[in-house]
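Order of listing sets the numbers, starting from 1, for every ligand and every atom in it. In this text the structure is predicted, and so the values were computed from the model without any measurement.
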Amino acid sequence: MPAIACRVIAENNFPENTNACLKQLASELPSEPLTPLLHDTGADFSAWVKYLEPFKGQPWIDVPWFLAETYFYRLILEITNYFRPGELQGIDPFQLQKNKGLETSIDSINSLCIQLNQWLVDAQKEEKLNQTALIALLYFALWGNRVDLSLWSALENDRSRFDIQSQQGQILVDDTAKVTELLLSKGKRIDFVIDNAGFELVCDLCLVDFLLGSDVANQVKLHLKPHPTFVSDAMIKDVLHTIEFLAASNHEDVTLFAKRLQENIASERLILCEDYFWTSPLAFWEMPDLLKSDLSAANLIVIKGDANYRRLLGDRHWDFTTNFADIVSYFPAPIVALRTLKSEVVAGLKPEVIEQVAKSDSDWLTNGQWGVIQLVD
Ligand SMILES: O=P(O)(O)OC[C@@]1(O)O[C@H](CO)[C@@H](O)[C@@H]1O
C-alpha cells in the first residue's frame with residue numbers, strides 16, 4: 001500500500017501539497033492511527049463515517065484488512081480531491097496504469113478477438129451451444145484476473161500472455177461443465193460483478209459478447225465501481241474507454257468486436273451500472289435491499305476477482321474445506337466466482353487438493369498462479 005501511494009505521486013502531476021499528503025499517508029502505514037476522512041463532498045462520506053466509527057484512533061495494522069485496504073483507496077481520492085469541485089475533480093489517479101494495462105496486452109487482445117469471432121460464426125450455424133467456446137471464455141475470464149495491477153505494475157511486464165490449456169492444472173475447483181449445463185437454454189439475464197480494467201476487462205467483454213451473440217443471454221448487466229479503487233478496478237468510463245480503444249484498432253477482428261459491444265449498449269442488451277456498495281468495505285451479505293432485489297432478477301451472476309471473492313466470504317478465515325455454497329447461500333441468485341488466489345481466504349476445497357497444492361507451491365494462496373471457478377446454483 002505505501003508503494004501504491006508513491007506510485008500515485010510518480011504517475012500523476014498533482015500539486016506539491018497533494019503529494020506531501022500522499023507521502024504522509026504512506027509514512028503512516030502500518031503503525032500509525034487511521035487517518036480521519038475529511039468531508040470531500042463524496043456521496044459516500046457519511047457511510048464511511050459509520051464504517052470507521054468502531055476503529056477510530058486504531059493503528060492501520062490492527063483494523064480488519066479489507067476495511068483498511070478499501071479505506072486506503074478512498075483516502076487517496078480525498079487527498080487528490082477526486083470528488084471536490086475544482087481542477088483536480090474527477091482525475092483518476094490510476095488512469096496511467098489502466099491505459100498501460102490495455103496497451104501492453106494488444107497482441108493477446110488481437111488473438112482473443114480472432115478466436116471469439118470464429119466461435120460466433122460457428123454459433124450462428126449451430127443451434128446448440130458451443131460449450132467448448134463457452135468454457136474457453138470462462139478460462140480467459142479467470143486468468144485475465146491474474147493481470148492485477150495492484151500487484152504488478154503494467155509498466156513492468158505483460159502478464160496477459162498465458163495459454164489456457166497449460167493452465168488447467170492450476171485450477172483448484174473447476175465448475176465450468178456445470179456452468180455450461182446451466183446456460184444450455186437461451187434468453188437469460190446474466191450479471192457480472194466486474195473487477196479490473198485492462199486485459200481482464202477485455203476478457204470479460206469477450207465472454208459477454210459471446211453470451212449475447214449466441215443468445216445464451218438476451219441481457220447482460222455489468223456492475224461497476226462508482227469511483228477509482230484497488231488501482232485497476234473498472235468504472236463505467238473504463239468500459240467506454242476500453243471499447244473506444246478496441247474500436248480504434250487497426251485489426252478488423254477487434255473493431256468488429258467493439259462494434260458489437262457498442263450496438264449492444266445502444267440496444268440496452270448490455271447495461272452498465274454502478275453502485276457505492278461495490279466500493280464499500282462491507283461483506284456481500286450486507287448488500288442493500290434495493291441492489292439485492294435487482295440482482296435477484298439475474299439467472300446467473302458472474303463474480304470476478306479476489307477482492308469480490310473475499311467479500312463473498314466476509315474476508316473471514318473459514319476452514320478451506322468449508323462448503324462454499326453453505327457460506328454464500330445468502331446471495332439472491334445463482335453465482336459463479338472466477339478468481340485467482342491473491343489473498344489467504346478460500347472455501348470449498350477438497351483436503352487432498354489443499355495438501356497437493358501446498359506441497360507444490362508455498363505461496364499458492366497469494367501469488368495469483370492458482371484459480372477457482374465455483375458455481376452455486
Ligand atoms: O480483486 P482483484 O483485483 O483480483 O485483487 C485485489 C487484491 O488481490 O489485491 C490485493 C493485493 O493482493 C488484495 O488485497 C486484493 O484482494
Side-chain angles (χ1 to χ4, degrees), residues 1-8 29-30 60-61 63-76 92 94 97-98 100-102 105 138-154 156 159-160 162 167 170-172 192-204 222-225 227-235 238-239 242 277-284 301-318 335-347 361 363-374:
M1 285 155 73
I4 287 170
C6 295
R7 229 160 68 191
V8 167
L29 294 161
W60 283 90
I61 195 71
V63 303
W65 179 32
F66 192 72
L67 178 123
E69 208 170 5
T70 310
Y71 181 48
F72 166 76
Y73 288 105
R74 178 63 178 82
L75 254 184
I76 285 180
D92 181 340
F94 309 112
Q97 283 292 327
K98 290 176 176 176
K100 283 287 168 206
L102 266 182
S105 49
L138 286 167
Y139 289 151
F140 269 104
L142 169 71
W143 295 124
N145 179 242
R146 183 181 280 168
V147 183
D148 162 356
L149 302 173
S150 67
L151 282 172
W152 305 287
S153 159
E156 282 147 28
R159 299 182 69 88
S160 69
F162 49 79
Q167 300 293 317
Q170 315 279 118
I171 300 178
L172 303 176
F192 284 68
V193 182
I194 291 289
D195 187 16
N196 296 306
F199 184 65
E200 178 174 353
L201 181 59
V202 174
C203 293
D204 293 341
L222 304 188
H223 298 275
L224 295 147
K225 301 297 195 302
H227 63 62
T229 191
F230 277 79
V231 179
S232 44
D233 280 24
M235 301 163 59
D238 297 316
V239 174
T242 300
F277 174 71
W278 305 120
T279 47
S280 81
L282 301 173
F284 273 172
I301 304 168
V302 181
I303 300 180
K304 290 298 309 299
D306 188 71
N308 284 326
Y309 189 92
R310 291 169 60 195
R311 296 183 72 184
L312 273 175
L313 303 187
D315 214 28
R316 266 63 169 183
H317 289 286
W318 304 87
I335 66 164
V336 57
L338 299 178
R339 175 252 185 154
T340 56
L341 282 76
K342 292 176 261 182
S343 57
E344 299 88 341
V345 168
V346 64
D361 178 357
D363 296 328
W364 67 283
L365 283 166
T366 55
N367 61 12
Q369 295 307 307
W370 303 86
V372 290
I373 298 178
Q374 290 175 288

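Ligand 1 lies out of reach of Y309, whose nearest heavy atom is not under 4.0 Å from it.
Every N/O-N/O distance between F230 and ligand 1 stays at or above 3.5 Å. At under 3.5 Å, not a single nitrogen or oxygen of N308, backbone or side chain, sits near a nitrogen or oxygen of ligand 1. The distance criterion of under 3.5 Å between nitrogen or oxygen atoms is met by N196 with respect to ligand 1.
Test R310, R311, R74 against E69 for salt bridge (charged side-chain N to carboxylate O under 4.0 Å, His left out) and you get one pass: R310. Of the options T340, D361, L365, a side-chain contact (heavy atoms from CB on, under 4.5 Å) to W370 is made by D361 and by none of the others.
Not counting sequence neighbours, the partners of D92 by the side-chain hydrogen bond (donor to acceptor under 3.5 Å, both in side chains) test are K98, K237. Residues passing the side-chain hydrogen bond (donor to acceptor under 3.5 Å, both in side chains) test with S343 are D306, R339, sequence neighbours excluded.
In this structure, D238 and D233 approach most closely via the heavy-atom pair OD2-O, 3.8 Å. Taking both residues in full, the closest heavy atoms of V231 and F94 are given as O-CB, 3.0 Å, listed atom of the first, atom of the second, then distance.
Short contacts between ligand 1 and E69, defined as distances under 4.0 Å to a heavy atom of the residue, involve ligand atoms 10 (C), 13 (C), 14 (O), 15 (C). Residue contact check: N145 has heavy atoms under 4.0 Å from atoms 4 (O) of ligand 1. Listed by number with element, the atoms of ligand 1 under 4.0 angstrom from any heavy atom of K342 are 2 (P), 3 (O), 4 (O), 5 (O), 8 (O), 12 (O).
The heavy atom nearest to atom 8 (O) of ligand 1, considering only V345, D306, D315, is found in D306. Residue nearest to atom 1 (O) of ligand 1, selected from G368, A68, A307: A307 (by heavy-atom distance).
With a heavy-atom cut-off of 4.0 Å, K304 does not touch ligand 1 at all.
The aromatic rings of F284 and F277 are tilted relative to each other, their planes meeting at an angle between 30° and 60°.
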